[in-house]
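A short worksheet on the structure shown next.
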Amino acid sequence: MPLFDRDTSIFSDEDVLREDYQPESIQERDEEIDTYMASLQPVINGAQPRNLFLYGKAGVGKTAVTRYLLSHLERDVDAYDDVALTVVWLNCNNLSSSYQVAANLVNELRPPSQQISTTGYPRQTVFDMLYTELESIGGTVLIVLDEIDHIGDDDGILYELPRARANGYLSSVKPGIIGISNDLSFHDSLSPKVKDTLCEEEVHFPPYTAGELRSILEQRAENALYETAYETNVLSLCAALAAQDTGSARQALDLLYKAGDITRAADETTIRESHVRDAQQALERGQIRQGMMELTRHGHLALAAVLSIAISDETPARVREIYPEYSAIAERFGTKPLVRRRMHDHLSDLAMQGILKRYARNHGRSGGQYYEYDLDVTLELALDVVDELEDVDISLEAVRGAKLRGLR
DNA sequence: GATCCACAGGAAATAGTGGCTT
DNA sequence: AAGCCACTATTTCCTGTGGATC
């Protein structure tokens with residue numbers, strides 16, 4: 001009897017449900033694709049491409065549609081000798097300024113041996129390097145800036161690049177920018193100069209409806225799951241849950257995948273509604289958990305402080321009470337505590353991420369106004385995470401106390 | 001209606017890191 | 001080695017705020 005054997009009851013090809021899987025056709029986005037294609041038409045004609053701005057929430061198909069259309073475009077453009085197309089794809093996650101975007105673009109275009117660092121050069125130098133690289137490629141260059149909202153309000157590059165030709169920095173290249181944003185308000189926060197140039201064409205991707213999600217799931221399920229592996233209402237449920245929450249195809253697919261995973265782990269052969277609900281919980285928990293793990297050191301310390309107070313059942317607590325606890329924990333771990341003001345920023349961050357709850361209090365002349373914080377996750381989960389952290393810990397006695405009272 | 005509590009949170013200054021240029 | 005550049009995290013300083021109390 002082998003230790004591992006291949007499971008043949010649920011997934012026929014689970015990769016089809018994974019994030020990186022690219023379907024050969026895109027569903028339920030016909031309208032958006034039409035507008036998008038029209039905007040790309042100048043490329044085929046060998047004209048200066050138009051700049052394009054896509055916006056919509058995460059998981060509504062912006063990136064998938066872009067990949068799909070550009071790969072077709074690259075193929076179709078081969079038929080014409082007078083058009084040379086290059087696509088440069090850059091994910092702006094973690095890039096917080098125009099400078100960094102420019103530097104990363106240069107690196108995209110250069111071979112690995114000639115990479116530049118993302119600090120150190122004067123701003124204009126990096127732009128010059130970028131223009132030189134673009135010049136040497138020539139032809140039409142489409143620059144896709146995915147998650148462009150991460151650069152915040154430093155949108156200089158979005159202004160520079162589209163106008164580089166007009167300003168005489170570029171001559172043999174026809175650059176086009178495709179900006180993809182998950183943040184709907186990013187569009188409004190752009191400076192007016194940029195709006196004029198970048199947003200010549202806009203495509204808005206609305207969230208998927210439950211019906212649309214359902215048909216996407218049906219198509220994927222056909223390739224990913226055995227026919228007998230799921231009850232018929234399972235797909236509808238996944239679609240409905242995802243539609244209610246984010247309208248994201250990613251979420252719907254994750255749900256289905258996780259539900260299958262849970263079913264398999266339970267040694268059952270049919271995905272049922274209850275498995276989907278379990279999956280939803282597990283995913284939610286996983287996200288929060290990951291959010292907590294990825295905090296900075298002082299974020300962890302602040303969380304540990306609130307947790308420690310929560311364990312002794314004294315939450316919600318105001319900053320005045322949390323700070324000494326935080327300082328004590330920090331010092332116990334050889335870290336110099338931050339000043340109150342700064343630690344409070346960390347608390348605000350935690351509240352923003354849904355890890356802590358924050359209550360505004362105002363007791364007027366006799367009390368003034370202040371905030372109180374409490375855990376917004378279960379004590380159990382917080383304890384679990386803080387326990388796992390290498391760099392922080394709350395006192396063993398406290399944990400033991402919590403265990404004794406049956407909180408775990 | 002004026003006053004005042006207790007602090008939130010904005011703004012500017014400073015520290016610290018990593019890297020370039022001469 | 002000295003002087004820049006870009007960027008992030010932190011400290012320091014301080015103004016503004018909502019409502020109980022005078």
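Below, read A as the first sequence line, B as the second, and so on, with proteins coming before strands; counting in each chain starts at 1.
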State whether R318(A) places a side-chain N or O below 4.0 Å from either non-bridging phosphate oxygen (OP1 or OP2) of dC7(B). yes
Return the orientation label for the Y371(A) and H344(A) ring planes: parallel under 30°, perpendicular over 60°, tilted otherwise. parallel
Does R361(A) make a side-chain donor-acceptor contact with the base of dG19(C), cut-off 3.5 Å? no
E314(A) and E321(A), any side-chain heavy atoms less than 4.5 Å apart: no
Measure CG/D349(A) against P/dA8(B) and give the value in whole Å, please. 14 Å
Given dC4(C), is OP1 or OP2 found less than 4.0 Å from the side-chain N or O atoms of Y121(A)? no
Are any of the side-chain heavy atoms of M343(A) and H298(A) separated by less than 4.5 Å? no
Do the side-chain N or O atoms of R358(A) get closer than 4.0 angstrom to the phosphate oxygens (OP1, OP2) of dG9(B)? yes
Counting only side-chain N and O atoms of H346(A), is one of them less than 4.0 Å from OP1 or OP2 of dT10(C)? yes
Using a heavy-atom distance cut-off of less than 4.0 Å, which residues of residues 95-119 of chain A contact DNA chain B? S117(A), T119(A)
Starting at the 5' end of DNA chain C, which residue's closest nucleotide do you reach first, Q369(A) or G364(A)? Q369(A)
Which whole-number value in Å describes the distance from H298(A) NE2 to dG16(B) P? 13 Å
Counting only side-chain N and O atoms of H363(A), is one of them less than 4.0 Å from OP1 or OP2 of dC5(B)? no
Roughly how many Å is it from OH in Y371(A) to P in dA8(B), rounded to a whole number? 7 Å
Length of the line joining R365(A):CZ and dT21(C):C1', which is rounded to integer Å: 5 Å
Using heavy-atom distances to pick each residue's nearest nucleotide on DNA chain B, tell me which of R320(A) and T125(A) is more 5'. R320(A)
Taking atom NZ of K357(A) as the centre, report whether more than 12 heavy atoms of other residues, nucleotides or ligands fall under 6.0 Å from it. yes
Between E14(A) and R264(A), is there a salt bridge with N-O shorter than 4.0 Å? yes
Assess whether a salt bridge exists between R318(A) and E372(A), defined as any Lys/Arg side-chain N lying under 4.0 Å from an Asp/Glu carboxylate O. no
d(CZ, R297(A); P, dA9(C)) in whole Å: 16 Å
Please evaluate the base of dG19(C) for a donor-acceptor partner in the side chain of N362(A) within a cut-off of under 3.5 Å? no
Atom-pair distance (OH on Y359(A); P on dG18(C)), nearest Å: 22 Å
Can you tell me how far C1' of dG10(B) sits from NE2 of H344(A), to the nearest Å? 14 Å
Rounded to whole Å, CZ of R342(A) lies from C1' of dA15(B) at a distance of 13 Å
R214(A)/E28(A) salt bridge by N-O under 4.0 Å criterion: no
